[in-house]
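Just below is one structure, and these are the notes that go with it.
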Amino acid sequence: MMTVEHTEFLTPQAVTWENLDTGSWDALVVVGPEFSELPEDFQAAIAAAKATDASVGEQVSVVACDKAPGGRLILAPTGPLDRDYDDVRRFYDAARDAVTRIAQTGAKQPVLMATQVPAGEAWSNALGLSFLGFQQGRYEPLEAREHFGKDVESFTAIGVLGDTELSWLDAVEQGRRVARDICGTEPERMSPMKAAEYCKQAFAGTDVKVTVFNDRLELQHEYPLLSAVARASFAVEQQRPCVVRLEYDGEGPITDSLFLVGKGITYDTGGADLKTGGHMAGMSRDKGGAAGVAGFIKAVAGVRPKGLRVVAELAFVRNNIGSLAFVADEIITGRSGVRVRIGNTDAEGRLVLADSLAKLKDEAVTATNPSLYTVATLTGHAALAKGPYSALVPNGPALKTGIAQRIIDAGEAWGDAAEISISRREDFDFVRGRTKADDVLSSNNGPSATTARGHQFPMAFLVLVSGLDQHGQSAEKPLPYTHIDIAGSGVEGGDWQHGKPSAAPVLALAGGFLR
């Protein structure tokens, strides 16, 4: 198994005005809408630069300044922040977009600060998001780090000037880095078993227990729907499926229990319903859901919250094409005993989620204050309907208890925004079985993007096939469940072939449950 190399994290260091000129800091990067509140020496340097270049401060600008570390004052403007649609992501974007210019100056150890942050709770994480945006911008793919070595990432240290919780930011950024690695890495380097090995190494020395299920007979018995999707990949050693289970038990009495399932399709061919017309490129990123869940658990491992139990299963599968591939019209009985008629093999993600969700649902019934989540790059419809935002589809208990709104609020605060879509009766009607031979239909045979409610009805399928329909609001044991579709938010710019993974929804989950 290939060793994961060059996974060093750039841990932030606290800097004050008093020690700004000590050590080896070599640039001050200032993020903000304007720069008129900086100290007088900095103002003078900016004014001198503006005298010969009127664009200084209007775009990323490098200003010679004797009082700045390394003589470099770098301005990263957010643009105006007083419009109704402006939010704290302006700081994240400005810091991220400044990274290339910062590197071009030769700076290796910059210090970040935020200035002229608007008043109010909505802007309270501006400095933290400037740090996280910088880290997003400096990230290079795992394959590049393994080829060139760690020096492919331009910086050797990062300082943060201002009041923010650096240890929490560091833990969450470590999780986001894990998520980007798993999501963005090509399909052979991050095949199912190599993804499992990556997880083992990522969680080595932490409080997270890692268990890998990869025996074929066990998978066929415990995860029959997943095994059907993987039927044509069992014979190829490096492409065999596996389920990675991650478990964390916080110190002290458990007060809350989170159960998460992540879709980890390491390459989505579409199966027998083959993706054509150039739509297969980028499908190695169809493991973004498993990546996001793994990243959140890595953040949990760093924060080490007390009283919290977290259990996750990552379903890593490649849906190969071949004579053994499953096909539409098959009827497959899931772990829960529900009989699933296959409508389209390219709707494979909900199948690999279903068995793990059924398993964790059974565990949640006896857990303390449980809630369940599935995370997946599931439907083109979510990307069409929500654009660059995650789509949350909660069940009744998740709405009633406020769990879904908690994630929404945290996403707003931490620049990992999501929007709620309500699950309705039409979604359940859409996937109900059509004959006495089957209980539920996996999907229609058209693209989700052209199907009405194309990202809501898959949640209904998951509820029915997992048995969560027996744990709604009126049940003796209601179980809050939220499906999170990151098809629109999982990569920057919606470019699944070349866009940098965004690590969604790590920040929203961490902000919601680890603060």
Side-chain angles (χ1 to χ4, degrees), residues 1-2 143 181-200 210-245 261-276 279-291 293-294 313-335 340 342-359 374 376-378 442-443 465 496:
M1 191 66 64
M2 187 179 294
E143 302 99 321
D181 277 356
I182 293 176
C183 177
T185 301
E186 60 95 12
E188 289 300 308
R189 172 60 186 90
M190 200 62 75
S191 63
M193 286 305 298
K194 288 181 180 177
E197 185 63 24
Y198 180 96
C199 289
K200 287 181 181 179
V210 182
T211 307
V212 179
F213 303 106
N214 66 335
D215 178 76
R216 180 170 186 169
L217 291 178
E218 182 179 25
L219 289 173
Q220 289 174 331
H221 182 265
E222 299 292 326
Y223 306 91
L225 292 168
L226 177 150
S227 296
V229 174
R231 194 187 296 161
S233 67
F234 274 109
V236 185
E237 184 62 32
Q238 68 268 30
Q239 294 171 2
R240 291 170 61 90
C242 66
V243 174
V244 178
R245 183 178 171 96
V261 185
K263 173 189 172 184
I265 302 297
T266 61
Y267 202 78
D268 178 16
T269 66
D273 287 300
L274 185 68
K275 291 183 186 291
T276 59
H279 293 295
M280 208 182 293
M283 286 301 102
S284 61
R285 271 90 179 283
D286 206 17
K287 52 192 183 309
V293 172
E313 291 203 351
L314 317 177
F316 289 115
V317 179
R318 177 164 170 150
N319 67 336
N320 279 352
I321 311 159
S323 58
L324 294 177
F326 82 122
V327 296
D329 297 338
E330 287 190 40
I331 299 173
I332 305 164
T333 302
R335 177 191 180 96
V340 178
I342 305 302
N344 187 317
T345 65
D346 199 20
E348 84 298 326
R350 66 205 66 177
L351 300 178
V352 305
L353 293 169
D355 293 318
S356 286
L357 183 60
K359 178 181 177 181
T374 47
T377 52
L378 206 69
S442 68
S443 72
V465 79
W496 283 96

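All figures in this text were calculated on a predicted structure; none of them were measured in a lab.
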Query raised in the report: Which residues pass the side-chain hydrogen bond (donor to acceptor under 3.5 Å, both in side chains) test with Ser227, sequence neighbours left out?
Result: none
Requested in this report: Could you check Thr185 against Glu143 for side-chain contact (heavy atoms from CB on, under 4.5 Å), going step by step and ending with a plain yes or no?
Outcome: CA-CA 7 Å; Thr185 301; Glu143 302 99 321; 3.6 Å; yes
Report task. Would you list the pairs meeting salt bridge (charged side-chain N to carboxylate O under 4.0 Å, His left out) in which at least one residue belongs to residues 213-228, sequence neighbours left out? Result -> Glu222-Arg335
Query raised in the report: Does the pair Leu357 and Val465 meet the rule for a side-chain contact (heavy atoms from CB on, under 4.5 Å), with working shown?
Result: CA-CA 9 Å; Leu357 183 60; Val465 79; over 6 Å; no
Query raised in the report: Can you name the residues that form a side-chain hydrogen bond (donor to acceptor under 3.5 Å, both in side chains) with Asp286, not counting sequence neighbours?
Result: Lys263, Thr377
Query raised in the report: Which heavy atom in Asn214 sits nearest to a heavy atom in Met193, and how many Å separate them?
Result: ND2-CE, 3.5 Å
Report summary line: Nearest heavy-atom contact between Met190 and Ala195 is SD-CA, 3.5 Å
Report task. Return the set of residues passing salt bridge (charged side-chain N to carboxylate O under 4.0 Å, His left out) with Glu188 (not counting sequence neighbours), or none when no residue passes. Result -> Arg318
Requested in this report: Output all residues satisfying salt bridge (charged side-chain N to carboxylate O under 4.0 Å, His left out) with Arg285, sequence neighbours left out; order by chain, then residue number.
Outcome: none
Requested in this report: Quick one: list whatever passes salt bridge (charged side-chain N to carboxylate O under 4.0 Å, His left out) with Lys275, sequence neighbours left out.
Outcome: Asp268, Asp346
Query raised in the report: Mind checking what makes side chain to side chain contact (heavy atoms under 4.5 Å, CB included) contact with Ala230, not counting sequence neighbours?
Result: Ser233, Phe234, Pro241, Val317
Requested in this report: Please list, chain by chain and in numerical order, all residues satisfying side chain to side chain contact (heavy atoms under 4.5 Å, CB included) with Ser284, sequence neighbours excluded.
Outcome: Pro187, Tyr267, Lys287
**Report entry** Chi angles and distances behind the side-chain contact (heavy atoms from CB on, under 4.5 Å) call for Ile332, Ser442
**Finding:** CA-CA 10 Å; Ile332 305 164; Ser442 68; over 6 Å; no
Requested in this report: Test Glu197 against Val212 for side-chain contact (heavy atoms from CB on, under 4.5 Å), laying out the working first.
Outcome: CA-CA 9 Å; Glu197 185 63 24; Val212 179; over 6 Å; no
Requested in this report: Work out which heavy atom in Gly271 is nearest to a heavy atom in Asn319; give both atom names and the distance.
Outcome: N-ND2, 3.4 Å
Taking distance alone, no hydrogens or angles, what donor-acceptor pairs closer than 3.5 Å link side-chain atoms of residues 322-330 to residues at least two apart or in another chain?
| unit_1 | atom_1 | unit_2 | atom_2 | d |
| --- | --- | --- | --- | --- |
| Glu330 | OE1 | Arg231 | NH2 | 2.8 |
| Glu330 | OE2 | Arg231 | NH1 | 3.1 |
| Glu330 | OE2 | Val327 | N | 2.9 |

Query - Which atom of Leu219 lies closest to which atom of Phe213, heavy atoms considered - result: CD2-O, 3.7 Å
Requested in this report: Check for a donor-acceptor pair, side chain of Gln239 on one end and backbone N or O of Asn320 on the other, with a separation under 3.5 Å.
Outcome: no
**Report entry** Test salt bridge (charged side-chain N to carboxylate O under 4.0 Å, His left out) applied to Glu313 - qualifying residues, sequence neighbours left out
**Finding:** Arg245, Lys359
Report task. Return yes if some donor-acceptor pair links the side-chain N/O of Asp355 with the main-chain N/O of Leu226 below 3.5 Å, else return no. Result -> yes
Report summary line: Scanning both residues in full, the closest heavy-atom pair of Val210 with Cys199 reads CG2-O, 4.4 Å
Requested in this report: Would you indicate whether the side-chain heavy atoms of Leu274 and Met280 approach each other to under 4.5 Å?
Outcome: yes
Query raised in the report: What residues, two or more places apart in sequence or in another chain, satisfy side-chain hydrogen bond (donor to acceptor under 3.5 Å, both in side chains) together with Thr266?
Result: none
**Report entry** Residues in side-chain hydrogen bond (donor to acceptor under 3.5 Å, both in side chains) contact with Thr345, at least two apart in sequence or another chain
**Finding:** Asp273
